[in-house]
**Q** 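Okay, here's the structure, questions in a sec.
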Protein chains: 2
Amino acid sequence: MQRKSYGNMQCPIARSLERVGEWWSILILRDAFQGLTRFEQFQKSLDIAPNMLARRLGALVKAGVLERRRYCERPPRYEYVLTERGRDFRPVLWALLAWGNAHFAPEGKSVVLIDSATGAEAEPLMVDRHTGRPLAAPAFRTAPGPAADESTRQRHSGGAGRIP
Amino acid sequence: MQRKSYGNMQCPIARSLERVGEWWSILILRDAFQGLTRFEQFQKSLDIAPNMLARRLGALVKAGVLERRRYCERPPRYEYVLTERGRDFRPVLWALLAWGNAHFAPEGKSVVLIDSATGAEAEPLMVDRHTGRPLAAPAFRTAPGPAADESTRQRHSGGAGRIP
DNA sequence: CGAGTGACTCTCATAATGCTAGTTATACGG
DNA sequence: CCGTATAACTAGCATTATGAGAGTCACTCG
């Protein structure tokens, strides 16, 4: 049977999920952003079986999101650090954090974003880098880009209904 | 064995992933934002087996992200529409889109965000809603919130290293 | 030499994924 | 009235991924 791959889709969301869409991957990245680097640290933090952790770390390394580095020659010890590609993933984590806080924290927020300088709570908001305007529908929407093929163009050719 | 659940974790990212972290779920939401509502539309768009689609739609409905509505009495026909909780998921999709475009589109972008008014391409950026400052490390970081318990507090008590 | 540490691999059970075919409820054309 | 079409699914079964737990390897330290 084999799990179907999104990899050959043109959609950038599908391409992203191909790399981080499996169970555990995103939580591993979350912990990497918290500063964890070693196998044992991830294992303790996530309470994950070591074989699963090894598979996921391997996949994230292959995807270029993490880098495996030897930090000790003898005995051989390795650490996993975010690459630039991995560090660019942060907005996704913050969007997930905001969504979780807004909808799945009935007892109140257990993790928040804060301004390191003032300690004030920050509220993530997506804006257009150029105009600074909040990215809300229907003022902003997706459209085929320069590399879009016919099928991608058709997805965006409307007719599907109102975009909420 | 059973797939381990993130549901009992306090972390809002884990809570979010508990709802949308499975294979296909996020792509279904992506299509819902594109305006698709009917079972058959999702099936064609995603090329997914009908039983898998039924399971995922059911899970998303149970999570309160989609709503199942009868849009035709006779014959009985249903549609799936985003709830407010579902519409709030949009920033996550846009963050994934931006990440995919930046890192996994070697032949160029096939999908972009545009300003509906001007047609200009938009570039998503996360800022603090209050101060308008870009949410970048290390100026912003996560911290335990009011509902944090001891284990959550320990995660954030530093000592794990520098946050990249 | 024996215990300890860190980073894994191996084996095996079970659950999730996925293909294909079939079902239900109804409309429509002849 | 009968056959075909459409939409939205379910059922049965193969294959794969996930996960628990134990074991391995390469050392260091006392």
Side-chain angles (χ1 to χ4, degrees), chain A residues 1-9 14 17-28 31-32 36-63 66-81 160-161, chain B residues 1-9 14 17-28 31-32 36-63 66-81 160-161:
Chain A
M1 157 218 86
Q2 183 178 219
R3 163 176 273 171
K4 211 149 149 191
S5 155
Y6 314 141
N8 45 358
M9 300 183 185
L17 292 173
E18 181 72 15
R19 274 73 177 201
V20 298
E22 294 128 315
W23 214 239
W24 293 116
S25 298
I26 291 182
L27 290 186
I28 290 172
D31 279 359
L36 305 199
T37 58
R38 301 210 323 270
F39 193 94
E40 201 208 19
Q41 292 177 320
F42 289 111
Q43 206 189 323
K44 257 184 212 145
S45 164
L46 296 167
D47 190 30
I48 182 181
N51 56 350
M52 287 310 304
L53 180 56
R55 280 176 220 172
R56 287 293 165 271
L57 286 172
L60 291 171
V61 167
K62 215 173 90 185
L66 292 178
E67 191 193 338
R68 185 175 187 257
R69 275 209 303 239
R70 184 168 215 159
Y71 70 90
C72 176
E73 283 299 319
R74 303 174 52 80
R77 292 295 144 81
Y78 301 92
E79 64 178 354
Y80 296 87
V81 292
Chain B
M1 156 215 88
Q2 185 177 216
R3 164 175 272 170
K4 212 147 147 195
S5 155
Y6 313 140
N8 44 358
M9 300 181 185
L17 291 173
E18 181 73 16
R19 274 72 178 202
V20 298
E22 294 128 316
W23 213 241
W24 293 116
S25 298
I26 292 182
L27 290 187
I28 291 172
D31 280 359
L36 304 200
T37 57
R38 300 209 323 269
F39 193 94
E40 200 209 19
Q41 292 178 320
F42 288 111
Q43 207 190 322
K44 258 185 211 143
S45 164
L46 297 167
D47 190 28
I48 182 180
N51 56 349
M52 287 310 304
L53 180 56
R55 280 177 221 172
R56 288 294 165 270
L57 287 172
L60 291 170
V61 167
K62 216 173 88 185
L66 293 178
E67 190 194 339
R68 185 175 187 258
R69 275 208 304 240
R70 185 169 214 157
Y71 70 89
C72 176
E73 284 299 321
R74 306 174 48 82
R77 292 294 144 83
Y78 301 92
E79 63 178 355
Y80 296 88
V81 292

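Here is how names work: the chains are called A, B, and so on, in the same order as the sequence lines, proteins then strands, and each is numbered from 1. Here the structure is a predicted model, which is why all the values come from computation and not from measurement. Side chains included, hydrogens not; waters and symmetry mates left out as well; all remaining heavy atoms used.
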**Q** Taking A:Gln41 for the side chain and A:Thr37 for the main chain, is one N or O donor matched with an acceptor at less than 3.5 Å?
**A** yes
**Q** Go through residues 43-51 of chain A and report each residue with a non-hydrogen atom lying under 4.0 Å from DNA chain D, sorted by number.
**A** A:Ala49, A:Pro50, A:Asn51
**Q** In residues 17-27 of chain B, which residues come under 4.0 Å of DNA chain D by heavy atom?
**A** none
**Q** May I ask you to evaluate whether B:Arg3 reaches the phosphate of C:dT14, defined as a side-chain N or O under 4.0 Å from OP1 or OP2?
**A** no
**Q** In whole Å, what is the span from the CE atom of B:Met52 to the C1' atom of D:dA11?
**A** 15 Å
**Q** Look at all strands and tell whether A:Arg55 reaches a base, only sugar-phosphate, or nothing, counting heavy atoms closer than 4.0 Å.
**A** base
**Q** Using the test side chain to side chain donor-acceptor pair (under 3.5 Å), find all partners of B:Ser45 that sit at least two apart in sequence or belong to another chain.
**A** A:Arg155, B:Asp31
**Q** Distance check needed: D:dA7 P versus B:Arg38 CZ, whole Å only.
**A** 6 Å
**Q** Which residues satisfy the side chain to side chain donor-acceptor pair (under 3.5 Å) test with B:Tyr6, sequence neighbours excluded?
**A** none
**Q** Taking only residues two or more places apart in sequence, or in another chain, which ones meet B:Glu22 in a salt bridge (charged side-chain N to carboxylate O under 4.0 Å, His left out)?
**A** none
**Q** Name all residues meeting the salt bridge (charged side-chain N to carboxylate O under 4.0 Å, His left out) criterion together with A:Glu18; count only those two or more places apart in sequence or in a different chain, and write none if there are none.
**A** none
**Q** What's the spacing between A:Tyr80 OH and A:Leu60 CG if we round to 0.5 Å?
**A** 10.0 Å
**Q** Between D:dA8 atom C1' and B:Leu36 atom CG, what is the distance in whole Å?
**A** 16 Å
**Q** Going 5' to 3' through nucleotides 25-30 of chain D, assign each nucleotide B (protein heavy atom under 4.0 Å from a base atom), S (under 4.0 Å only from sugar-phosphate atoms) or - (no protein heavy atom that close).
**A** -BSS--
**Q** To the closest 0.5 Å, what do you measure between CD1 (B:Ile28) and CD1 (B:Ile48)?
**A** 5.0 Å
**Q** Considering residues at least two apart in sequence or located in another chain, which fulfil the side chain to side chain donor-acceptor pair (under 3.5 Å) criterion with A:Asn8?
**A** none
**Q** Return the set of residues passing salt bridge (charged side-chain N to carboxylate O under 4.0 Å, His left out) with B:Arg38 (not counting sequence neighbours), or none when no residue passes.
**A** B:Glu40
**Q** For A:Tyr71 and C:dT5, what is the distance between atoms OH and P respectively, to the nearest whole Å?
**A** 13 Å
**Q** Starting at the 5' end of DNA chain C and moving along, which residue's nearest nucleotide shows up first, B:Arg56 or A:Leu57?
**A** A:Leu57
**Q** With B:Arg69, which residues qualify under side chain to side chain donor-acceptor pair (under 3.5 Å), at least two apart?
**A** none
**Q** Pairs under 3.5 angstrom only: tabulate donor-acceptor contacts from the side chains of residues 51-58 of chain A to other protein residues two or more places apart or in another chain.
**A**
residue : atom : partner : partner atom : Å
A:Arg56 : NE   : A:Trp23 : O            : 2.9

**Q** Looking for any heavy atom pair under 4.0 Å, which part of the strands does B:Tyr80 touch: base, sugar-phosphate only, or nothing?
**A** sugar-phosphate
**Q** The criterion is side-chain contact (heavy atoms from CB on, under 4.5 Å); which residues satisfy it with A:Ala59, sequence neighbours excluded?
**A** none
**Q** I want to verify a distance call: between C:dC8, D:dC9, C:dG6, whose nearest atom is closest to the B:Phe39 side chain?
**A** D:dC9
**Q** Ignoring backbone atoms, test whether A:Tyr78 places a side-chain nitrogen or oxygen under 4.0 Å from the OP1 or OP2 oxygen of C:dT5.
**A** no
**Q** In this structure, how many angstroms lie between the C1' atom of D:dC9 and the CD atom of B:Glu40, rounded?
**A** 12 Å
**Q** Report which part of the nucleic acid A:Phe42 touches: base, sugar-phosphate, or nothing (heavy-atom distance under 4.0 Å, all strands).
**A** nothing
